[in-house]
Colleague: 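Mind having a look at this structure? Questions to follow.
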Number of protein chains: 2
Amino acid sequence: MKNLPDKTVERLSQYRRSLNNQLTKGKTNIFSHELAHLLHITPVQVRRDIMLIGYSGTLRKGYDIKEMINLIGKIIDTDEGQRIAVIGMGNLGKAFIHYLHEKGSKLRIVASFDVNPDKTNKTYAGVHCYHFDRMAEIVKKEEITIGIITTPPEVAPQIADKLVKAGINGILNYTPKLLSVPDEVYLEEYDMITSLEKVAYFVKHRD
Amino acid sequence: MKNLPDKTVERLSQYRRSLNNQLTKGKTNIFSHELAHLLHITPVQVRRDIMLIGYSGTLRKGYDIKEMINLIGKIIDTDEGQRIAVIGMGNLGKAFIHYLHEKGSKLRIVASFDVNPDKTNKTYAGVHCYHFDRMAEIVKKEEITIGIITTPPEVAPQIADKLVKAGINGILNYTPKLLSVPDEVYLEEYDMITSLEKVAYFVKHRD
DNA sequence: TATTCCCTGTTAAAAATTTAACAATAATGC
DNA sequence: GCATTATTGTTAAATTTTTAACAGGGAATA
Ligand SMILES: NC(=O)c1ccc[n+]([C@@H]2O[C@H](COP(=O)([O-])OP(=O)(O)OC[C@H]3O[C@@H](n4cnc5c(N)ncnc54)[C@H](O)[C@@H]3O)[C@@H](O)[C@H]2O)c1
Ligand SMILES: NC(=O)c1ccc[n+]([C@@H]2O[C@H](COP(=O)([O-])OP(=O)(O)OC[C@H]3O[C@@H](n4cnc5c(N)ncnc54)[C@H](O)[C@@H]3O)[C@@H](O)[C@H]2O)c1
């Protein structure tokens, strides 16, 4: 399948979460306008996204929820899934692991790293924490493709460098320090303060 | 000033963080291409954003870092600042308060709420935690305009409703449950899983 | 003082994303 | 069975966002 637009990928993730939610409520089918309402977007956009991933609903019945969940899974998780590491087992790192635990996704956190002896050689929500010195070794052995950085910001650049050298393909950076990686590594950065400041701005400047 | 584009507002927040960073390194001026490099964007975009906020650099010297920080502060924080509450003092809520503490921003967290007696009537990083029953009262007294929701997802909708009734103007929702609020309330939602799944997708589908 | 160079500010073009419009058609009601 | 209704799929238009192009103009050089 051709590459999907950035924004469509983000929405697919949200569609899936909403669809799973509907499934637990006993719903088996859903209309574009229902899904749109849940995500605060327009029904057209839902239909367009669904068109882009090559799925089709049935007229007057809408979309089959299970089928859509499966298809989105194939697209995002891929059939083989991916293996993930968290670097920095502080508040955020631990919270993340607990949050992802038990989601039953094919994206699995299989290792974590820290340098603090209080953190290393322990297991958090089923994820073992190694000393960061062993990172390259474990990344290879465990076939890890994605690293999530939740260390203090100062060390984030060197962590990123080492992850790249170890052969990782994607980095999700939660420190406020903006990173630089080679083109072939996909980098996503998120800072809570930006979200908060965005709300602050639009609260004061909304029409 | 006319309303700025969504994306520009997000970047302003990042500009400011990067500029503060440069300031501590002793830099007083910066070129568009330098700032662009830090944010992985193009110099044109930097210049355009700066044009939109009505600031001007000097030819051959670039932009005055302090002046830009001040101006961005006026735009995002506004002169009076805003007062913020966190609802749900679990892992994420506490982490957030610690993270924002000591940033010296005009956006200040002035209260937090929980229902668990283990959490209430304590102070975390200088922020008092009240029982959620007192929320409406405190929101009025403390003139709180923004609420950050970090409760379990199940209760998020009812929390949001009550925040809206209490007269809040903006909500930042970190639970994976998508919310619905009246138009006049600005809503921003963020789910870490979406970021992770986005990385997962583009790692496998990058050209 | 002329010339070159570098960097800004801005308008115009391009690209990405969203929204509108509507044809097609299965189910429903009469 | 025929018209009506509801809903999808898709093309085209509109909007938003990014990128390109380039005209200034101040500093440096000579
Ligand atoms: N806590 C939040 O809500 C929040 C929000 C946004 C961003 N952040 C950012 O996320 C990051 C983590 O925040 P936190 O609250 O979890 O911090 P934290 O101090 O609790 O955790 C950081 C962890 O990284 C470990 N570490 C330090 N150096 C390391 C290294 N070289 N290699 C591996 N591990 C190392 C530390 O031992 C510690 O366990 C910070 O950059 C913070 O700015 C935090
Ligand atoms: N921890 C993460 O990394 C992470 C990441 C993304 C999203 N989230 C989401 O953020 C939210 C919080 O996560 P967490 O790990 O901090 O959970 P948590 O269980 O540690 O904290 C939740 C807190 O909310 C309080 N609470 C429960 N009901 C309440 C109510 N009605 N009013 C006020 N407070 C109430 C609880 O007492 C608890 O202190 C969850 O929705 C979670 O899914 C967490």
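Lettering of chains follows the sequences in order, A, B, ..., and the numbering in each one begins at 1. For the numbers below, each heavy atom of this structure counts, side chains included, while hydrogens, waters and symmetry mates do not.
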Colleague: Under a 4.0 Å N-O cut-off, is there an ion pair linking B/Asp49 with B/Lys7?
Modeller: no
Colleague: As an exercise, state the distance from CZ of B/Phe96 to NE2 of B/His101, rounded to the nearest 0.5 Å.
Modeller: 14.0 Å
Colleague: Under 4.0 Å between a side-chain nitrogen and a carboxylate oxygen: does that hold for B/Glu143 and B/Arg83?
Modeller: no
Colleague: Can you tell me how far CG of B/Leu38 sits from CZ of B/Arg17, rounded to the nearest 0.5 angstrom?
Modeller: 12.0 Å
Colleague: Taking atom CG as the centre, does A/Asp183 end up with more than 12 heavy-atom neighbours from other residues, nucleotides or ligands that are less than 6.0 angstrom away?
Modeller: no
Colleague: Starting from C1' on D/dT7, measure out to NZ on A/Lys61 and report it in whole angstrom.
Modeller: 13 Å
Colleague: So if I take the C1' atoms of five pairs at each end of the helix from C/dT1-D/dA30 to C/dC30-D/dG1 and get each local axis, what angle do the two axes make, rounded to 10 degrees?
Modeller: 10°
Colleague: Between A/Glu189 and A/Lys177, is the closest basic N to carboxylate O distance under 4.0 Å?
Modeller: no
Colleague: Using whole Å, report how far OH of B/Tyr55 lies from C1' of C/dG9.
Modeller: 14 Å
Colleague: Atom CG of B/Asp64 and atom C1' of C/dT8: how far apart are they, to the nearest Å?
Modeller: 15 Å
Colleague: How many Å lie between CD1 on A/Ile53 and P on D/dT8, as a whole number?
Modeller: 14 Å
Colleague: Return no unless some side-chain N or O of A/Ser56 is found under 4.0 Å from OP1 or OP2 of D/dG9.
Modeller: yes
Colleague: What is the distance, rounded to the nearest whole Å, between atom CG of A/Leu4 and atom P of C/dA16?
Modeller: 14 Å
Colleague: Please set out all donor-acceptor pairs under 3.5 angstrom arising from side-chain atoms of residues 146-162 of chain A, sequence neighbours excluded.
Modeller:
from     : atom 1 : to      : atom 2 : distance (Å)
A/Thr150 : OG1    : A/Ile87 : O      : 3.2
A/Thr150 : OG1    : A/Gly88 : O      : 2.6

Colleague: Using residues 62-69 of chain A as the side-chain source, report each donor-acceptor pair under 3.5 Å to any protein atom, sequence neighbours left out, with the distance given to one decimal.
Modeller:
from    : atom 1 : to      : atom 2 : distance (Å)
A/Asp64 : OD1    : A/Lys66 : N      : 3.1
A/Asp64 : OD1    : A/Glu67 : N      : 2.9
A/Glu67 : OE1    : A/Tyr55 : OH     : 2.7

Colleague: Send over the distance from B/Ile30 CD1 to C/dC7 P, rounded to a whole Å.
Modeller: 13 Å
Colleague: Quick one: what's the B/S/- string for nucleotides 16-24 of chain D, heavy-atom cutoff under 4.0 Å, read 5' to 3'?
Modeller: -SSBBB--B
Colleague: What is the distance from CG of A/Asn29 to C1' of C/dA26, rounded to the nearest Å?
Modeller: 14 Å
Colleague: Strictly under 3.5 Å: I want the nitrogen or oxygen pairs between protein and nucleotides 28-30 of chain C, one per line.
Modeller:
none

Colleague: Whole Å only: how far is the CG atom of A/Leu52 from the P atom of C/dT18?
Modeller: 11 Å
Colleague: Do A/Asp191 and B/Tyr99 get their side chains close enough for a donor-acceptor pair, meaning under 3.5 Å?
Modeller: yes
Colleague: Between A/Glu10 and B/Thr194, does any side-chain donor sit less than 3.5 Å from a side-chain acceptor?
Modeller: no
Colleague: Check whether any side-chain nitrogen or oxygen of B/Ser32 sits under 4.0 Å from OP1 or OP2 of C/dT8, and answer yes or no.
Modeller: yes
Colleague: I'd like to check the side chain to side chain contact (heavy atoms under 4.5 Å, CB included) partners of B/Ala136; sequence neighbours left out, ordered by chain and number.
Modeller: B/Ala166
